[in-house]
Amino acid sequence: MHLDWLIVGGGIHGVHLALVLRERCTIAAEHIRIIDPHDHLLTRWESCTTACGMRYLRSTVVHHLAPDPYDLLRFARQINAEDHHFHGRYQRPSLAIFQAHAQSLIRQYRLSDYTLQGRVCGLRRRSTFWEVETDQGMLSARNVLLTVSCGEQLRWPVWARELRKAGAAVYHLYEPTFALDQIAAHSAVAIIGGGIGAGHLALNLCPKAQVTLIMRRPIQVAPFDSPPGWMGPKELRRFHAEPDPIRRRTMITAARLPGTMPIELAQSLHAAAQQQKLHIVVDEVNAAAMAEGTITLQLTHHRLAVTTVILATGFTSERPGHPWLDKVIAHNELPTAPCGYPLIGPDLQWAPGLFVSGPLAELEIGPAARNIIGARHAGERLARQYTGGN
């Protein structure tokens, strides 16, 4: 199969950029394919957002999958969605309305009909196209768009890995097999983490279990996981004026706000703690052991016995795509920064006909590159520079 565009990854970035190519770059559907290892688009994103019982996204009403920023509002009016689907100062959409809108776009543009199930294992540049090795066979495409995420790079502390190997009930919130109904009623549960996922999970579990939320520092409030100025030119002008990728990486690291949550979630956690529905401990796990089904967590200032541990520790910061992308970089001599991430230009092109979005584009898009707004920034770049499918 020879394509004009092959999008690697069927998550938020892959779906949004497929819609941009279709709608704004007017590329015919038969010239585009999405390849993803799951059996339907957005599988990984949906599992991560539903695992903790999230009700509202952290993004704003204009950050969604359609190219037109006001499309979600129009969709809500068309289906007569109630006002409670948009919450707070930033009109954060409910997970339900966001998912319904996303699925309507997938149906409207028949994206599933143009999706291949499989994993990319390698890329090799030929004269005018890319030869793409997958676990289902070979493909070729004039343009390849890598939208791989960090979704499979779960952060597991060493003590938690050892407990898991010993047979303890230790889970990671974002492992594909985790589900809230795995947690037995009235069990003693420790949730490790201080961010939005940990907060949602604690609130959803505390009505049925004895929940202790363990975080390294008191609850930190921020509307987004980087300051709002990074969504637009206010901060990005300064970022793009810096040519040194090492300094850009430093700026990204300084701008990110891991382990933070919106104020409404923080208020709900404080209220649950005051009502003694939830126990919040500001401390850190140093060691853990299991005996007769009980897990003992040794914290710096506390000792805690529980039956279940759930990690809400997020994802590692290493470049996604190991190990296959390492081989692609070496074979095709693709330029990378000292941090291992792609060196790309404003057109997001890593090599002729090879484009990146998501984490792989963060040295150009900035600290919000991984998020929905990062997908929209990438879409704007493609739409401006490749209108007409060139």
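In terms of modelled atom types and a separation under 3.5 Å, the side chain of Thr147 and the main chain of Val8 share a donor-acceptor contact. The backbone N or O of Leu65 lies less than 3.5 Å from a partner atom in the side chain of His16, making a donor-acceptor pair. A distance-only check finds a donor-acceptor pair linking the side chain of His240 to the backbone of Leu236 [under 3.5 Å]. For Thr250 (side chain) and Ile246 (main-chain N/O), a donor-acceptor pair under 3.5 Å exists by modelled atom type. His322 places a side-chain N or O within 3.5 Å of a backbone atom of Arg319 that can act as its donor or acceptor partner.
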For side-chain hydrogen bond (donor to acceptor under 3.5 Å, both in side chains), just list the numbers for Asn204 and His200, CA-CA rounded to whole Å, side-chain angles, deciding distance to a tenth of an Å, and then say yes or no.
CA-CA 6 Å; Asn204 277 279; His200 282 296; 5.0 Å; no
So Glu46 and Gln103, side-chain hydrogen bond (donor to acceptor under 3.5 Å, both in side chains) or not? Walk me through it.
CA-CA 11 Å; Glu46 289 177 355; Gln103 292 304 319; 3.1 Å; yes
Test side-chain hydrogen bond (donor to acceptor under 3.5 Å, both in side chains) applied to Asp225 and Thr260, step by step:
CA-CA 7 Å; Asp225 52 14; Thr260 61; over 6 Å; no
Residues His38, Arg44; criterion side-chain hydrogen bond (donor to acceptor under 3.5 Å, both in side chains); working and verdict
CA-CA 8 Å; His38 303 97; Arg44 191 74 184 101; 5.3 Å; no
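Atom CZ of Arg89 has 12 or fewer heavy atoms from other residues, nucleotides or ligands within 6.0 Å. Atom CZ of Arg55 has 12 or fewer neighbouring heavy atoms from other residues, nucleotides or ligands inside a 6.0 Å radius. No more than 12 heavy atoms of other residues, nucleotides or ligands lie within 6.0 Å of CZ in Arg216, so this atom counts as exposed by the packing criterion. Other residues, nucleotides and ligands contribute more than 12 heavy atoms inside 6.0 Å of the NZ atom of Lys208. For Gln276, the CD atom counts as loosely surrounded, since its 6.0 Å shell holds 12 or fewer non-hydrogen atoms of other residues, nucleotides or ligands. A 6.0 Å sphere centred on NE2 of His186 holds no more than 12 heavy atoms belonging to other residues, nucleotides or ligands. More than 12 heavy-atom neighbours from other residues, nucleotides or ligands sit within 6.0 angstrom of CG on Asp113.
Checked for salt-bridge contact, Arg119 and Glu152 meet the test: a charged N lies under 4.0 Å from a carboxylate O. The pair Arg384-Asp347 does not meet the salt-bridge criterion, since no charged nitrogen lies less than 4.0 angstrom from a carboxylate oxygen. Salt bridge annotation for Arg238-Glu235: present, with a cationic side-chain nitrogen under 4.0 angstrom from a carboxylate oxygen. Under the 4.0 Å criterion applied to side-chain N and carboxylate O atoms, Glu362 and Arg248 are not assigned as salt-bridge partners. A salt bridge is absent between Arg237 and Glu242: the closest approach of a Lys/Arg side-chain nitrogen to an acidic carboxylate oxygen does not fall below 4.0 angstrom. Using a cutoff of 4.0 Å between basic side-chain nitrogens and carboxylate oxygens, Glu333 and Arg125 are not scored as salt-bridged.
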Show every donor-acceptor pair shorter than 3.5 Å between a side-chain atom in residues 308-316 and any protein atom, with sequence neighbours excluded, or say none if there are none.
unit_1 : atom_1 : unit_2 : atom_2 : d
Thr313 : OG1    : Arg155 : O      : 2.6
Thr313 : OG1    : His172 : NE2    : 3.3
Thr316 : OG1    : Gln153 : NE2    : 3.3

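With values rounded to the nearest 0.5 angstrom, His377 atom NE2 is found 13.5 Å from Leu382 atom CG. Remark: Asp135 CG to Gln117 CD distance equals 9.0 Å, nearest 0.5 Å.
Contact between Leu343 and Trp350 at its shortest, heavy atoms only, is O-CD1, 3.6 Å. When all heavy atoms are compared, the tightest approach of Ala266 to Val221 is CB-CG2, 3.6 Å. The minimum heavy-atom distance between Pro359 and Cys150, with the atom names listed, is CG-SG, 3.9 Å. When all heavy atoms of Arg164 and Tyr171 are compared, the closest pair comes out as NH1-CA, 3.8 Å. Contact detail for Ala383 and Val20: the closest heavy-atom pair is CB-CG1, 4.1 Å. Across all non-hydrogen atoms, the minimal contact from Cys339 to Leu363 is SG-CD1, 4.1 Å.
A donor-acceptor contact closer than 3.5 angstrom is absent between the side chains of Asp4 and Asn143.
Remark: Arg92 fails to qualify as a cation-pi partner of Phe86 under the 6.0 Å distance and 45° angle criteria applied to the six-membered ring.
Hydrophobic clustering, defined by side-chain heavy atoms of Ile, Leu, Val, Met, Phe, Trp and Tyr closer than 4.5 Å, groups Met231 together with Tyr90, Phe224, Ile373.
Here the side chains of His101 and His64 are in contact, with some heavy-atom distance below 4.5 Å.
Cluster membership check: Ile214 shares its hydrophobic cluster with Ile196, using side-chain heavy-atom separations under 4.5 Å among Ile, Leu, Val, Met, Phe, Trp and Tyr.
Residues passing the ring pair (Phe, Tyr, Trp, His ring centres under 6.0 Å) test with Trp45 are Phe98, sequence neighbours excluded.
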